[in-house]
Number of protein chains: 2
Amino acid sequence: MSVTIKQIAVVAGVSRGTVDRVLHNRPGVKPEIALHVRKIADDLGYEPNRAGKILAARKQPLKIGCFLPSIGNAFFDDVIAGFQQAENELSDFGVTLVLQEVEGYDAGVHIRAIRKLVEAGCQALCVSTIDTKEIRAFLNQLIDSGIPVIAVNTDLTKTGRLCYVGCDYLQAGSTAAGLLALMASDQLNLLIVTGSLKMKGHNDRIRGFSRTLREKKVPYKLVDVFEALDNDEYAYQMALGTLRAHPEINCIYIAAAGVAGVCRAVTELERQNQIYILSHDEIESTRQLVQDGVIDFTIGQEPKDQGYCSVQMMFDYYMSGKQVAPCNHITNTVIKIRENIN
Amino acid sequence: MSVTIKQIAVVAGVSRGTVDRVLHNRPGVKPEIALHVRKIADDLGYEPNRAGKILAARKQPLKIGCFLPSIGNAFFDDVIAGFQQAENELSDFGVTLVLQEVEGYDAGVHIRAIRKLVEAGCQALCVSTIDTKEIRAFLNQLIDSGIPVIAVNTDLTKTGRLCYVGCDYLQAGSTAAGLLALMASDQLNLLIVTGSLKMKGHNDRIRGFSRTLREKKVPYKLVDVFEALDNDEYAYQMALGTLRAHPEINCIYIAAAGVAGVCRAVTELERQNQIYILSHDEIESTRQLVQDGVIDFTIGQEPKDQGYCSVQMMFDYYMSGKQVAPCNHITNTVIKIRENIN
DNA sequence: TTGAAAGCGCTACCAC
DNA sequence: GTGGTAGCGCTTTCAA
């Protein structure tokens with residue numbers, strides 16, 4: 001059994017309160033006593049006990065705010081499931097979650113929603129937002145005012161965010177290309193469907209994809225690229241037009257949402273057997289298309305893990321007395337084909 | 001904030017001790033009072049608080065025994081890493097782990113090692129052993145004497161084990177075949193290397209593999225099958241002979257250990273570019289061979305997760321007062337290629 | 001500047 | 001059968 005504050009107090013000949021003050025760098029302790037106590041704690045190899053901390057922490061419960069642009073975007077369902085699992089496991093430890101959801105990627109809308117969380121009394125934030133100047137400035141202000149922030153799914157550069165919890169977009173794209181290279185032998189006539197050319201994650205996937213195709217010396221020709229704008233109907237229309245105009249297309253790489261729309265176009269034209277289809281992420285409709293053999297494979301990023309870990313890490317950070325900033329957590333790049341998608 | 005034992009005691013007009021007795025079905029409470037208290041607890045929606053339980057549980061620390069046939073078998077390194085991570089996270093909650101390792105699959109050796117754990121005072125077991133009559137009888141005896149057992153990596157049929165934590169071997173084999181089917185277009189002349197024809201897991205992988213090849217109507221001919229007996233040197237010798245005798249072999253499916261040995265034979269014969277090589281699991285040497293492009297892909301089973309979850313589930317089981325038996329936990333079937341193996 | 005004590009929720013134990 | 005109480009390790013507050 002390990003060292004307790006009580007033991008340190010006895011050895012140091014002071015009270016538990018004083019030891020506590022020293023260990024938390026709180027003022028009001030004579031320097032020489034502080035030094036003395038700290039030395040004893042170190043010598044004894046003191047490690048605070050989580051169970052005790054947690055129980056005591058219940059007097060000041062922790063409210064964590066979560067923000068996602070998840071309305072109308074099924075991808076985030078699993079992130080939310082991860083949030084909820086963490087909330088369940090930590091509710092006994094005094095943790096509450098507040099979830100704010102919005103639709104789309106308007107900076108003003110995001111800022112207002114996040115502000116709402118703070119006004120609701122959240123002492124910490126897990127957010128998935130866009131990495132723009134305006135939002136960075138806003139978040140840095142919150143961080144300076146003492147509200148720690150973890151970036152989920154999309155990193156926030158040049159901010160004081162504690163850490164990034166999400167996937168490696170470059171690796172995801174690269175993995176799609178690596179697997180395609182194992183499958184394809186003939187020349188590829190490629191259609192790339194992205195979400196938005198403004199989204200760094202989508203661009204990174206395409207960069208990783210192209211780079212690895214080149215490295216592997218896969219002979220390919222890029223026939224066309226279009227943005228699906230997270231809209232299945234629009235993706236369908238665009239794909240239909242492009243496929244009609246280009247009967248030579250034999251591979252479609254869908255780097256973001258709009259998967260079902262693109263696939264609808266392909267099956268309507270009855271070309272699913274002549275075209276490799278690769279996608280990212282794993283929402284219900286995508287899963288179904290993989291199971292039906294329309295999509296050859298999809299590259300996932302463990303979104304549930306992202307939600308779960310970000311909340312857990314925030315809790316740990318608070319439990320450590322905001323001393324130990326967590327490291328980035330990069331989720332696995334997972335390959336799903338028909339046989340292992342469920 | 002949720003309902004506590006104290007509140008129930010006040011409402012019921014009894015002491016906390018009595019409430020505790022009722023909630024734990026301990027004897028020494030008048031039936032009508034018990035009924036009364038239970039009703040109030042239900043009405044109030046009482047949920048025991050983990051933090052409080054854990055802290056109190058430190059007075060009777062939990063010692064969990066782990067058994068693995070891991071000596072000389074690198075696969076188990078990650079399972080052990082999972083055990084250790086769980087031990088780390090739970091050490092503050094009074095959990096200690098004792099690890100017993102043996103080499104090979106002799107029932108007597110396994111039984112003696114597991115007995116040692118019990119004699120060392122372990123109150124619960126997480127074991128990876130073989131599913132034989134002798135071992136089943138031995139374990140059932142322990143289970144009857146009040147020591148709960150979780151089966152890790154290999155299930156134990158017809159025993160009172162709490163649950164199974166491990167992979168789906170059939171799905172793993174099936175996934176290997178599904179991915180191979182996406183890659184291969186010509187007729188396959190197949191060499192299958194298994195670990196032992198006595199191991200159910202290995203056989204299941206091969207069954208899943210063959211079944212899916214047939215389902216996908218992949219034209220293939222089984223040229224040869226041999227056992228590698230978890231021995232790289234032996235695997236090397238056998239592979240060398242078989243490959244020399246059969247220049248038509250263009251695909252090797254390695255269902256168990258011996259991966260590096262087989263690959264050495266292939267590269268020595270300079271046939272790595274003519275042969276698809278598929279393997280299972282992810283030890284350091286396998287990882288290297290995937291990175292070098294010798295192995296096309298390997299199918300993993302998240303061994304670390306297996307170690308981690310089994311210990312966590314055992315802890316939760318004890319925390320629930322041995323009331324709620326945990327469900328099976330089937331780990332993901334993960335596909336690793338060069339681009340996502342690290 | 002420091003000590004003492006209460007209390008987080010639960011369990012265990014002793015006394016009646 | 002039942003109540004009362006101490007204590008798990010920690011934080012916080014009040015008193016000195």
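Naming: A, B, ... by sequence-line order, numbering from 1 per chain. Keep in mind it's a predicted model, so treat the numbers as computed, not measured.
Residue Pro27(B) is classed as having no contact, given no heavy-atom separation below 4.0 Å to the nucleic acid. At a threshold of 4.0 angstrom between heavy atoms, the contacts of Ile54(A) with the nucleic acid are absent. Within the nucleic acid shown, Lys59(A) comes within 4.0 Å of at least one base atom, counting heavy atoms only. Within 4.0 Å (heavy atoms only), Phe93(A) reaches no atom of the nucleic acid at all.
Rounded to a whole Å, the NZ atom of Lys53(A) is 22 Å from the P atom of dG7(C). Going from atom CG of Asn25(B) over to atom C1' of dT11(C) covers 15 Å, rounded to whole Å. For Ile5(A) and dA4(C), the CD1 to P distance is 16 Å, given to the nearest whole Å. The separation between His36(A) atom NE2 and dT2(C) atom P is 12 Å, rounded to whole Å. Across the protein-nucleic acid pair, His24(A) atom NE2 and dT12(D) atom P stand 7 Å apart, rounded to whole Å. The nearest whole Å value for the distance from the CG atom in Leu23(B) to the P atom in dA12(C) is 13 Å. Following rounding to the nearest Å, Ile8(B) (CD1) and dT11(C) (P) show an atom-to-atom distance of 11 Å.
Checking dC10(C), dC8(C), dG3(D) against the side-chain heavy atoms of Thr18(B) singles out dG3(D) as nearest. Side-chain atoms of Arg16(B) lie closest to dT5(D) of the nucleotides dT5(D), dG9(D), dT11(D). For Asp20(A), counting side-chain heavy atoms from C-beta on, the closest listed nucleotide (dG9(D), dT12(D), dT2(C)) is dT12(D). Listed nucleotides dG9(D), dC10(C), dT2(D) differ in distance to Asn49(B); the shortest reach to its side chain belongs to dC10(C). For Ser15(B), whose side chain is taken as the heavy atoms from C-beta onward, the closest listed nucleotide among dT11(C), dG4(D), dC8(C) is dG4(D).
By the 4.0 Å N-to-carboxylate-O rule, Asp92(A) lies too far from Lys53(B) to be salt-bridged with it.
Relative orientation of the His110(B) and Phe67(B) rings is perpendicular, given thresholds of 30° and 60° on the angle between their planes.
Between the side chain of Arg21(A) and the base of dG3(C) there is at least one donor-acceptor pair of N/O atoms closer than 3.5 Å.
The side chain of Gln60(A) contributes no N or O atom lying less than 4.0 Å from OP1 or OP2 of dT11(D). Here Arg26(A) reaches the OP1 or OP2 of dT12(D): one of its side-chain N or O atoms lies under 4.0 Å away. Distances shown here put a side-chain N or O of Tyr46(B) below 4.0 Å from the OP1 or OP2 atom of dC10(C). For the pair Arg58(A) and dG9(C), the criterion of a side-chain N or O lying under 4.0 Å from OP1 or OP2 is met. Contact annotation: Lys6(A) side-chain N/O to dG7(D) OP1/OP2 distance is not under 4.0 Å. Distances shown here put every side-chain N or O of Thr4(B) at or beyond 4.0 Å from the OP1 or OP2 atom of dG9(C).
Comparing Ala56(B) and Val14(B) by the nucleotide of DNA chain D that holds the closest heavy atom to each, the one mapping nearer the 5' end is Val14(B). When the nearest nucleotides of DNA chain C are assigned to Gly17(B) and Gly17(A) by heavy-atom distance, the more 5′-ward of the two goes with Gly17(A).
A heavy-atom distance below 4.5 Å is found between the side chains of Leu139(B) and Leu142(B). You'll find the side chain of Arg161(A) stays beyond 4.5 Å of the side chain of Ile150(A), heavy atoms only.
Note: Leu117(B) CG to Leu99(B) CG = 8.0 Å, rounded to the nearest 0.5 Å. Atom CD of Gln123(A) sits about 8.5 Å away from atom OG1 of Thr96(A), to the nearest 0.5 Å.
Within a 6.0 Å sphere centred on NZ of Lys322(A), heavy atoms belonging to other residues, nucleotides or ligands number more than 12.
Computed from C1' positions of five pairs at each end, the angle between the two local axes of the helix from dT1(C)-dA16(D) to dC16(C)-dG1(D) equals 60°, rounded to 10 degrees.
The salt bridge (charged side-chain N to carboxylate O under 4.0 Å, His left out) analysis of residues 305-314 of chain A, with sequence neighbours excluded, yields no pairs.
The residue from Glu87(B), Glu89(B), Glu302(B), Gln84(B) that alone fulfils the side chain to side chain donor-acceptor pair (under 3.5 Å) condition with Tyr308(B) is Glu89(B).
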